[in-house]
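This is a predicted model, so every value here is computed, not measured. Proteins get letters first, then strands, A, B, ... in listed order; numbering begins at 1 in each.
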Amino acid sequence: MKAGIVVFPGINRERDMAIALTRSGATPRMIWHKETDLAGLDLIVLPGGFSHGDYLRCGAMAAHSPVMTAVREHVARGGYLLGVCNGFQILTEAGILPGALLRNASLRFLSMDCHLRVERTDTVFTGQYQRGEVFRAVMAHGDGNYFADDTTLDRLEGEGLVALRYATPTGEITAEANRNGSARGIAGILSPSLRVLGLMPHPEDLVDPLMGGTDGKPLFDALAAA
Amino acid sequence: MQREVNQELAREFGLSPDEYSRVLEIMGRTPTLTELGVFSVMWSEHCSYKSSRVWLRQLPTKAPWVIHGPGENAGVVDIGDGLAAVFKMESHNHPSFIEPYQGAATGVGGILRDVFTMGARPIANLNALRFGRPDNPVTKRIVDGVVRGIGGYGNCVGVPTVGGEINFHSAYDGNPLVNAMTVGIAPRDRIFLSAAAGVGNPVVYVGSKTGRDGIHGATMASAEFAADAEEKRPTVQVGDPFTEKLLIEACLELMATDAIVAIQDMGAAGLTSSSVEMAAKGGVGIELDLDQVPARETGMTAYEFMLSESQERMLMVLRPDREAEARVIFDKWELDFAVVGHLTDTGRITVRHHGQVEADIPLAPLNDQAPLYHRPTTETRKQPQINPGKVEDRVGLTAALWKLIACPDLASRAWVWDQYDSTVGGQTVKRPGAADAAVVKLEGLSRALALTTDCTPRYCAADPEAGGAQAVAEAWRNLTAVGARPLALTDNMNFGNPERPEIMGQFAAAIRGMAAACEALDFPVVSGNVSLYNETRDPSGTVRAILPTPAIGGLGVLDDAAQAVGIALGPWLDIVLVGVTKGWLGQSLWLREIAGREEGAPPPVDLAAERATGDFVRGQILAGHVRACHDVSDGGLLVAVAEMAMAGLTGVRLSTGPREIPSHAYWFGEDQGRYVLAVPDAGSLIRAAEAAGLAAVRIGTSGGQDLTLPDGGTISVRALRAAHERFFPSWMDGSG
C-alpha cells in the first residue's frame, strides 16, 4: 500500500497519521499541498489540524489548494481517500462528501476519548471491525458537529453510507454519547463508491498500547492490507 | 506628533529620575523619542530583572546534564540518546487580566518561540494558572477567556497541552496568573543560540508583519494595576497561531542547514530587545533600516517599529551568501522574509528610518549600566504551628471528604483540559489527570519525558522560604511518582511590587527555600521568568498583592515510557503509605475549607527525607513493583486515596490510622514527602522501605465500588467522582 499524506499549511496531525500507517505496514510519504501529480499512490490521506488556520470556515481554503485537483483525479481513478478531522472538513468543503461540520453544540473545543459504532464493514476502511462493534477514538475538534439537510441524511442512511456513529461504550446511540451534537450521531460517512471515508475522531492516536490502546489500529491494518 | 523628550515623558515610560539621569549621561545629549523608548523597555523590570537579579544568582543552575542554564532563551538539558530537552516557563499575567483570550494565547505563543528559537521542536505545553475567588463576577470571564485562549493557540499550533495546575484565591481577584511552559526536543549538538557574530552578516526578519500592537507591553508588565487597567488594552498583543505553526516549520527547516549564525524571537520589547540582546551577547554592533521591516500598517514611526510587540516574529543573523537559500524556505511557507540590517564593528545599535538616524546608542552601557537594585527586604512574620490536638473536628471524615473533593481548589479540572488537545503528536502516554506528571514519549524511541508544574501559594504566603522549598520538592515528587528521574526545573516567580520591602522579603525568602531544595534534590534551575508588580490599587488607594507564587515547572526522564505509572487504582491491591505522617494541619485545605481558618505555619519539607523517600519510590516503580502511585499533597492522605479510587473507579477499604494522631489530622494533614502506592504485595514493599530506613505502612486494600473509611463511613466512588466533576461545568456552563 503506497500512501500519501497531504500537508496543507497549518495541518498538525500528519506525523500521527504517518506513525499509524507505518505501524500497520504501509509506506506513507508527505505530499505538499502544491503538488499536482499523485500518480502511483493507492491511498491519499487528508490529516487533521488547522489548514490555513481555519480562519475562514474550517477546511474552506484548503479545499481550493492545487493538490485538490489531483485528489479528485485520484478518486475518479478509484483510489482510496481518507479525511480525518480537518481532512473531513476539507472533503465536505470540496464537495467530495456531502454535508458540513458546524461548531460543536457546546461551542467549546472537545478533546477526549469517544466511542464509535461501526455501521458498515464491507469497506477497505472498516473491514477488520465487526458490524456493530464499538471502538474508542480520540476526539479533538471545535467544529465536528455534522450537519446535512434531511434529504441528504435520509439518502446517506438509505444507501448505507454512514460508516461510524458516536455511541456509548455498549453501542447505544444516545444524545450523551454524541458530544458535538452531530446530526443522527454521525461521526463518519462514505462516498457511494465506498472508497472515500471522512470522519471527525482520530483513530490514528490510538494505535499503541502505550498511548492508551490500539482501538484505531484495525482501520490502518485493513488499509495497509488492501 | 512627536512628544518632547524630557524627564516627565521618561517617567511616563517607567524610568525613574535617577534612571533618566543615567540615560542622559550615557547619551551625552537628550535622547530621541526612539532612544528613550529603547532605554525604557530594556531597563524595565520585565526585561532587565533589575530588582530580582541579585537574588536569582543564589539559585543552583549546574549539573553534569545541564547544557545551557539561565541566560539563553530557554534551559537545555541532556536527556540521552543524543537529544536535549529545551524548556522554559513564562508569565503573561498582566495581559491576561486586561484581555484574557489574547493575553493567554500570546503567552502560549511567546513561550513556544523561546523554545523553537533554540532549534527544538515543541512537544508539550503546560500551564500554571491562578484565578480570583470563583464568586467574584470577573473571575468566570477571565477563566473562560484564558482557557479558550490557551486552547485556541495550543490546539492550532499542534502542540499537545498535557498538564498544569489551577488555584483560586481572592488575592488573585485583580491579578490572575497565567504561566505557560513549553518543552521541546533538539539534537544535543544542534542548539541555536542568540549571540550574533560576523561583522557584515545580514540581519534577517521573518514571520508576521509589524503593527502597532503591544507597544510598551513590557513597561505595562512592570507596573501595578490601578483602576484604569481596562484602558491598557492596546498594550495587549494579538496572537496568530497559524503563522506561528508556519514559523515553527520554516525555522526548523532552515535550522536543518547551517545557514543560521544566531536567532532570537521578538518577544517582550520586540525588535528592540531581540536586536540589542543579539548584538550585545556577541559583542558586535548592529545597524537596522526600518524601511525594510515588513509593516502591517502605514505611517508607523521608528518609535513604533522598535517598541511594537506584534507576535510571531523572529530575528536572525545569517552566514554571508545564504540569504537566497533561506528565502526559498520562508517563501514556501508564505512568511515575510526581509534583510533589515547588518552587523557592524561599532558596538552601537544604529536605527535608520526614512534616511534619518532615529537611534544611535552604545550597546555596552545600555546593558552594563542597566539598573540593578538591592531593594530593602523585610521578613514575613512566622505563623504559629497548629497543634492538631487543639483543632476540633466537628464534621467527621465522610462529610469533610465530600466537601473537600468538590471545592474549587480540589475539584476535577477535566472541564479545562477537555478543551486542550492533549494527544496531537501521538506520543502522550499519560494525559492530564492520569498521573502526577504528564508523560510524553519521544517519537521513535522508548524514552519519555515527565512534566509537571507546581506551587502551593498559601504555603508561600505563610512562610515564603518553606513554601519555596515545598514548590521545588513537590515538582520533584510528582516527577518521581510516575517513575521519572527529575533532571531540572524552570521557575516563574510571580510576586507583588518589589519596591515594597515585605514583597521583596517574600521574594528573597522564596529563593532561599528553592535554592536549598534544588541543592538537596540535585534539581537545578535552568531557565525562568520573573513577574513583579502583580498587585492592584483600588480606588481607595488600598494595595492588594497576589500570594507569592514561585511556580515550578519540572522535567524528568524515563528511559522506558512503558515503566510510567499513573494514579488510577485497580482492584485487589494493597495500598501503602510511604513517608512520615504527623498530622500537619497548618495551612491545610481541611483547615481552610472545613474549619474556616486560613492560618498556621505550612508543613516543612525535610529535604533529606524527601530525597530518600523519592529515590526509594522511584526504585520500586522502575523495578515493576508498583501498579499506581500518587503523592500526598493538597487535601492530605484521604484526598490522595480518593483521587486514586476515582481515577480507576475502584473502591478502597481503609484501615484505622495510628491512635496517637487525631483522625482528621492523620487523614487530612498535609505532611510533606509522602506517596501512596498500590502494590500487589504490601509486605515486601514495607520490608524494603524499612531496610532503607523509611516509614511505610499498609493503609488499606482496593476492590469493589465503595470507599470505606476507617470510621465505617461508606462512599460510592462513582458518586464521589460525580461530585468531584461538578464544580467546573456547573460554575462555567450552568450544567453538570
Side chain, backbone, both or neither: which part of [X] has a heavy atom under 4.5 Å from chain A?
{"X": "B/D144", "answer": "side chain"}
{"X": "B/K332", "answer": "both"}
{"X": "B/Q427", "answer": "both"}
{"X": "B/V157", "answer": "backbone"}

Check whether [X] gets within reach of chain B through its side chain, its backbone, both or neither, counting any heavy atom under 4.5 Å.
{"X": "A/L206", "result": "side chain"}
{"X": "A/H52", "result": "both"}
{"X": "A/L210", "result": "both"}
{"X": "A/N104", "result": "neither"}

Can you see whether A/N180 engages A/H141 through a side-chain donor-acceptor pair at a distance of less than 3.5 angstrom?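 Present: a donor and an acceptor within the cut-off.
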
Quick one: do the B/Q563 and B/D560 side chains pair a donor with an acceptor below 3.5 Å? no

Using a cut-off of under 4.5 Å on heavy-atom pairs, state which of [options] scores highest against chain A.
{"options": "B/E244, B/R431, B/K430", "result": "B/R431"}
{"options": "B/G152, B/S422, B/G426", "result": "B/G426"}
{"options": "B/E334, B/R148, B/K441", "result": "B/R148"}
{"options": "B/G425, B/A564, B/G444", "result": "B/G425"}

Parallel under 30°, tilted from 30 to 60°, perpendicular over 60°: which one fits the rings of A/H33 and A/F8? tilted

Salt bridge (charged side-chain N to carboxylate O under 4.0 Å, His left out) evaluation trace for B/R327 with B/D336: CA-CA 9 Å; B/R327 188 184 294 273; B/D336 273 300; over 6 Å; no

